[in-house]
Amino acid sequence: MKFINIGFGNMVASHRVVAIAAPDSAPIKRLIADAREDDRVIDVTCGRRTRAVIITDSDHVILSAIQSETVAGRLSGGDAGEGCELPGDELHDNKQGKEPV
């Protein structure tokens, strides 16, 4: 079973993910609001801005602070468990041995 890092040490099983979306559109905002009413929202943003909305096969809606493109890349086989690409986190991508900015 493969897990995808969705930020702050939180993981989601890759085979349970149905869709990954940006939180900007009105239909996604309605989906989040409906899920909140039914207690199906899992918020793993740790107080940061929501940048990705992950929809699972169990109809749970997971809110993540990582960009939706990053989560999709990890799901498709990229960096599945490494790093935590969050805004303002200069240490997240130190693969070339460079000093942090």
Closest heavy-atom contact between V71 and A52? CG2-CB, 4.4 Å

What distance separates I42 CD1 from I62 CD1, expressed to the nearest 0.5 Å? 4.5 Å

Can you check whether R40's main-chain N or O pairs, donor with acceptor, with D38's side chain at less than 3.5 Å? no

Apply side chain to side chain contact (heavy atoms under 4.5 Å, CB included) to the pair I66 and R74, showing each step before the final yes or no. CA-CA 11 Å; I66 293 180; R74 292 177 181 182; 3.6 Å; yes

Holding to side chain to side chain donor-acceptor pair (under 3.5 Å), I want the full list of residues that pass it with D59, two or more places apart in sequence or in another chain. none

Answer with yes or no whether the hydrophobic clustering places V44 together with I4; edges join I, L, V, M, F, W, Y residues whose side-chain heavy atoms lie under 4.5 Å apart. yes

Show me the donor-acceptor pairs, under 3.5 Å and distance only, between side chains in residues 8-36 and residues at least two apart or in other chains.
{"from": "N10", "atom 1": "ND2", "to": "G7", "atom 2": "O", "distance (Å)": "2.9"}
{"from": "S14", "atom 1": "OG", "to": "K2", "atom 2": "O", "distance (Å)": "3.1"}
{"from": "R16", "atom 1": "NE", "to": "D57", "atom 2": "OD1", "distance (Å)": "2.6"}
{"from": "R16", "atom 1": "NE", "to": "D57", "atom 2": "OD2", "distance (Å)": "3.3"}
{"from": "R16", "atom 1": "NH2", "to": "D57", "atom 2": "OD1", "distance (Å)": "3.2"}

Run I6 and I54 through side chain to side chain contact (heavy atoms under 4.5 Å, CB included) and show every step you take. CA-CA 9 Å; I6 57 171; I54 302 164; 3.6 Å; yes

Atom CG of L63 and atom CZ of R49: how far apart are they, to the nearest 0.5 Å? 13.0 Å

